[in-house]
Protein chains: 2
Amino acid sequence: MVAPAKKAFMRAGELARAAGVSVDTLHHYERKGVLAAPRRSANGYREYPADALGRVRLVRRALSIGFTLDELARILRARGGGRAPCREVRALAGAKLADVESRLRELLLVRDELRVVVKEWDAKLARTPEGERAGLLDALAVSVELNEARAPAPVWRRRKGRKKGEDEEY
Amino acid sequence: MVAPAKKAFMRAGELARAAGVSVDTLHHYERKGVLAAPRRSANGYREYPADALGRVRLVRRALSIGFTLDELARILRARGGGRAPCREVRALAGAKLADVESRLRELLLVRDELRVVVKEWDAKLARTPEGERAGLLDALAVSVELNEARAPAPVWRRRKGRKKGEDEEY
DNA sequence: CTTGACTCCCGAACCGGTTCGGCACTTTAT
DNA sequence: ATAAAGTGCCGAACCGGTTCGGGAGTCAAG
């Protein structure tokens, strides 16, 4: 019954590829305390145990639902310490959910407003001679009158041009 | 017919209060080129013309629907220069809308997943003795198996604790 | 031996609107 | 006269996950 032990450990690049993450990110996770520092081979290379992949995926997953690396570190540390932080985790997740729903409401409002604005603009452009000013921005200024000065800070993360990472498709 | 001219100009704090913005922000807008530098009184204080309020509101509005200060500066500069950037503005708004809708879809997915997770967790907690570990995180790790390693970077702007600004209510 | 691919390390840059620090001056109130 | 607001200026900090720079060591293939 000798276990197959396909591959007892993996190196940084290997794990990174498997998890769909950069090596830099792995190091970062380790520094942040969400990924245990693996043993090192004689040359100093990291040798990740097989379950590290699961951990990285867990982290990615948690990040994607709104957890912070620091929060995660706190949780995982508590878990490692024998404590059962489940109730805390549940509360945290609840807060995250509320947060997401709040953001969602805001974003819906923005979308609706943006749609209206675009529609109005198109109508306006349709009856504006070529190269003439249609005063789109001014229309924006008008609509603000109606909505009063709410909208203190939009600030949902903006993404501009990526360098190499080909993260299109979605 | 002497125009009432309620108040031909306002100072920084005044305008800031009226627009629901900090004085710092006004300065910032000026530096960024989305708010014209007003004339100065003898002591060097800014004296904003009455229409500055409209401009600030316009900026806030544009920000809230996803425009960037830099984009806005570019547009307003063009407009001031006599050009009619309306077509560009329209295109930009279209891109913003697409962006918002994309973000919206992502966020909806996150919300749904988060809801499921929370629900599962509650069920799990219900049948787990007090203070015992329920393995919530592990459940998270499992569900990632199903979803495969998508979710490269969550990164919708996170907001933590505000200092003075009381922007709750919404 | 020389490429080229991996690896290590760690701090700095990035994004972008806002806030803060710190110091000097002016105006208004007490 | 003196304290309390208001204003000016401007660079740095903030948030947070990721990437980048860049110098050095390691290892297998040609």
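Everything numeric here is computed off the predicted structure, so don't read it as measured data. Just so it is clear: chains get the letters A, B, ... in the order the sequence lines come, proteins before strands, and each one is counted from 1.
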Original post:
Taking the six-membered ring of B:Tyr29 as reference, does the NZ or CZ atom of B:Arg55 fall below 6.0 Å from its centre and within a 45° cone about the axis?
Top reply: no
Original post:
Taking for each residue the nucleotide of DNA chain C with the nearest heavy atom, is it A:Arg40 or B:Asp24 whose nucleotide lies nearer the 5' end?
Top reply: A:Arg40
Subject >> Phosphate OP1/OP2 of D:dG17 contacted by A:Thr25 side-chain N/O (<4.0 Å) >> reply: no
**OP:** Please determine, for the side chain of B:Ala12, which listed nucleotide (D:dG8, C:dT19, C:dT7) has the closest atom?
**Re:** D:dG8
**OP:** Answer yes if the side chains of A:Asn43 and A:Ser41 hold a donor-acceptor pair under 3.5 Å, and no otherwise.
**Re:** yes
Subject >> Distance test, side-chain N/O of B:Arg46 to OP1/OP2 of C:dT26, below 4.0 Å >> reply: no
**OP:** Output the single nucleotide from C:dT19, D:dT7, C:dT7 whose closest atom is nearest the side chain of B:Val23.
**Re:** D:dT7
**OP:** Starting at atom CD of B:Glu14, determine the distance to atom P of C:dT27, rounded to an integer number of angstrom.
**Re:** 15 Å
Original post:
So, is A:Asn43 close to the D:dC27 phosphate, meaning a side-chain N or O under 4.0 Å from OP1 or OP2?
Top reply: yes
Subject >> Minimum-distance nucleotide to A:Tyr29 side chain [options: D:dG6, D:dT18, C:dG17] >> reply: D:dT18
**OP:** For B:Glu30 and C:dG17, give me the distance from atom CD to atom P, rounded to whole Å.
**Re:** 17 Å
Subject >> Whole-Å gap separating C1' (D:dC9) and NZ (B:Lys32) >> reply: 17 Å
Subject >> Protein-nucleotide distance (A:Leu26, atom CG; C:dC10, atom P), rounded to Å >> reply: 16 Å
Original post:
Should A:Leu108 and A:Arg105 count as side-chain neighbours, where that means a heavy-atom distance under 4.5 Å?
Top reply: no
Original post:
Is it true that A:Arg74 and A:Asp70 make a salt bridge, defined as a side-chain N closer than 4.0 Å to a carboxylate O?
Top reply: no
Original post:
Given atom CZ of B:Arg39 and atom P of D:dT7, what is their separation to the nearest angstrom?
Top reply: 16 Å
Original post:
Does a nitrogen or oxygen in the side chain of A:Arg31 sit under 4.0 Å from OP1 or OP2 of C:dC10?
Top reply: no
Original post:
Rounded to the nearest Å, what distance is computed from the NE2 atom of residue A:His27 to the P atom of nucleotide D:dG21?
Top reply: 17 Å
Original post:
Over how many whole Å does the gap from A:His28 atom NE2 to D:dC20 atom P extend?
Top reply: 14 Å
**OP:** Decide yes or no, distance alone: a donor-acceptor N/O pair under 3.5 angstrom between the base of C:dC6 and the side-chain of A:Tyr45.
**Re:** yes
**OP:** Select one nucleotide: of C:dC8, D:dC9, D:dG17, the one nearest the side-chain heavy atoms of A:Leu69.
**Re:** D:dG17
Original post:
A:Asp99 has an atom CG; how far is it from atom P of D:dC15, in whole Å?
Top reply: 16 Å
**OP:** Look at the side chain of B:Ser22 and decide which nucleotide, out of D:dT19, C:dT19, C:dC6, has an atom nearest to it.
**Re:** C:dT19
**OP:** Measure the shortest side-chain to side-chain distance between B:Val117 and A:Arg61 over non-hydrogen atoms and say whether it is less than 4.5 angstrom.
**Re:** yes
